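First up is the structure itself, then whatever we jot down about it.
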Amino acid sequence: MSLLDVRDLSIVFSRRGRRDVRAVDEVTFSVAAGETVGLVGESGCGKSVTSLAIMGLLPKRGAAVGGSIKFDGTELTSLPADKMRGLRGRDIAMVFQDPMTSLNPVIPIGLQVTEVLRRHRDMDAAAASKEAASLLERVGIPDPARRLKEYPHQLSGGMRQRALIAMALACKPRLLIADEPTTALDVTIQAQILELLKELVVDSGTALVMITHDLGVVAGMCDSVHVMYSGRIVERASRWELFEAPRHPYTAGLLASVPRLDQARGEKLEPIPGSPRDTIPWTQGCAFAPRCRNRIESCTQGAPELVADKLRPDHDLRCFNPIDVAEQEAVTL
Amino acid sequence: MSLQVAESAIQQAEHADEAGGGLWREAFRRLVRKPAAIIGAIFVAIFVIVAVFAPLIAPYSPTATDLSQIKGPGHIPGPSSTHWLGLDDLGRDVFSRMIYGARQSLVVGVVSMAFGMVGGIILGLLAGGLGGWVDATIMRFVDMMLAIPGLLFAIGIAAMLGQSLVSVMIAIGVVNIPVFARLLRGQMLAQREADYALAAKSLGVKRSRIILGHVFPNSLSPVIVQGTLTLATAIIEAAGLAFLGLSGADPAIPEWGRMLADTQKFLTSAPQLVFYPGIAIVLSALGFTLLGESLREALDPKNRR
Ligand SMILES: Nc1ncnc2c1ncn2[C@@H]1O[C@H](COP(=O)(O)OP(=O)(O)OP(=O)(O)O)[C@@H](O)[C@H]1O
Ligand code: SF4
Ligand SMILES: [Mg+2]
């Protein structure tokens, strides 16, 4: 059985005087213990709200969560708030996008790290601060004893993200959700942080849900990848499969817009035309249709379902007219 | 001189920042670069020093009379080498009375501000922390208080509690409660949505701890700015109440508002007697206002480097 089982998740935001927003729908995926799973898609496709739903952190009012989220067999969507709080930080933890704002600016780093330890690991102040120092050391923060006394603004962005990762992993959670953990950082720091995350989850056997808009991030670390568009998963495959033979036109578009080492210099990247806002509701057809080069007539007459790919095993697809594997091989050759 | 003070303060602040420090230290560093803040700080410093060390500075007792100088009924001696600011109608040394008056004003200002701030923080914390019907009830109450004009409200309370300095301080304090409550509650509601609060939640930190340990300390800076500004208005309000005869203090105890009230009848014959307490009230209030406004700017995240 898998560690995390998300089935048919839907998230609907409703606000008075406005139309309901179905931010996420029909999202199904699972994560096995120790596995690293990528959730990829452009801005606004519902990656963050999906992770907040798993964490039970969506606002209670105005956000309706449907479907099921099972963690180690426990249904999270109906779990009482105090039980959920007991899980958070101990069994499931999260790293957020912006390390500049995710730390409390008026409290020293040390107190923020020890807070988690004292909450979940029943440590006294002395033991907690010792453990905090070794945690910071583990995430590669030099001179941890001094850093613990410092305030967030005295640390660089990369250091802060390291501290936040240390906090998230303080209780050796079984599942870590990283929501674009490197997007706010300098390019050189990005690679270091990803490397660190990879190393830590392997060391501790933590399962990782890596949320990103950057397929380059996925390429380096994920076992399997789920590509989301406009609130739904449109393609799912192993990392190799997805990079070798993307079948969904959206995935192919994302891949084409990632700079590659084997690319001839000066060769133009091909961005996907239009923006994520050029979409149609799934009820009217494929949401990607307005931007899709492979669009056929049936694409705007009804929504495609996520089904197993006929041509490839272990590959799911939500598309009426996927990219031909033969055609692709021709391109790669 | 002041430039040197400012410069060494900058150096000190920068040094301190290396050693560790927070939001406030950073704000302080920005603060010492503002001329308005320096001027305000100088006024406030003079005011506080004079108030604290009044017995050491004042050449005479504030109640001692020197009738030898009074040459007849209605004669009010002006400044001289023995009495720098002259004497008042009862032959008391005005300079000494002004100095002791600073003491009164500082006590009234600080106590009534503290009263209002503590009251406001309690209400604001309950409203912003608990939310729901507690918030709704408290805020309705606060709005009601805000609807009554401040000075009128203070006069009412002071009259109700009887004429004494304590009732003046309570009156001014009560009048200031809603401002602090509103400010803190609004700030807390905003800070509850901040990323660090969500991050703390994601670590399973308990709600009460997030509110008290994270949201509350982050919501305090505008309250402290307001406290500084309130010192200014409290001094003016106290003077106003004294002027209206509500402070009830022993007339022998010098108090700037009261001195202003008692001497207005000499406005034509000895205008200096009205001028001194008037200018003292204005300058001390100005000092706190300059300091408070500069502090507000220094703490504003928008102005951060
Ligand atoms: N509190 C909310 N109320 C209403 N709609 C919301 C709310 N939060 C998110 N949404 C909607 O849900 C959709 C998905 O948002 P989400 O933040 O999950 O996107 P994302 O994939 O994480 O994008 P990004 O890459 O920008 O972080 C958005 O279209 C947004 O409009
Ligand atoms: S369903 Fe049609 S429009 Fe949608 S991605 Fe596939 S081909 Fe393009
Ligand atoms: Mg997001």
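Fair warning: this is a prediction, and the values are worked out from it, not measured in the lab. Side-chain atoms are counted along with the backbone in the values below, which use heavy atoms only and exclude waters and symmetry mates.
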Next item on the list: For residues A/P152 and B/Y196, determine if any side-chain heavy atom of one lies less than 4.5 Å from a side-chain heavy atom of the other.
Entry: no

Check: What part of A/M167 is in contact with chain B, defined as an atom under 4.5 angstrom from a non-hydrogen atom: side chain, backbone, both or neither?
Finding: both

Next item on the list: Heavy-atom pairs under 4.5 Å with chain B are the metric here; pick the option from A/M55, A/H120, A/M84 that has the most.
Entry: A/H120

Checklist line | Minimum heavy-atom distance B/A199-A/S102, with the two atoms named | finding: CB-O, 3.4 Å

Item checked: Heavy-atom proximity to chain B below 4.5 Å, by part of A/I107 -> side chain

Checklist line | Among the listed options B/L220, B/V205, B/V215, the residue most often paired with chain A at heavy-atom distances under 4.5 Å | finding: B/V205

Notebook entry, point to check: How far does CG of B/L203 sit from CZ of A/R90, to the nearest 0.5 angstrom?
Noted result: 13.0 Å

Check: B/L198 versus chain A, heavy atoms under 4.5 Å apart: side chain, backbone, both or neither?
Finding: both

Notebook entry, point to check: Can you name the nearest heavy-atom pair linking A/M94 to B/S202, along with the distance?
Noted result: O-OG, 4.1 Å

Check: Of all of A/V116, A/L111, A/L57, which one pairs up most often with chain B through heavy atoms under 4.5 Å apart?
Finding: A/L57

Checklist line | Heavy-atom closest contact (A/N104 atom, B/G213 atom, distance) | finding: ND2-O, 4.1 Å

Notebook entry, point to check: In terms of heavy-atom contacts, does CZ of B/F153 have more than 12 from other residues, nucleotides or ligands at under 6.0 Å?
Noted result: yes

Margin query: Does any backbone or side-chain atom of A/I92 lie under 4.5 Å from a heavy atom of chain B? Answer side chain, backbone, both or neither.
Written below: backbone

Check: Short question: side chain of A/R85, backbone of B/K206 - any donor-acceptor pair under 3.5 Å?
Finding: no

Next item on the list: Rounded to the nearest 0.5 Å, what's the gap from CD on A/E115 to NE2 on B/H214? Could you check?
Entry: 3.5 Å

Checklist line | Pairing residues for A/T77 by the side-chain contact (heavy atoms from CB on, under 4.5 Å) criterion, not counting sequence neighbours | finding: A/V65, A/I69, A/E75

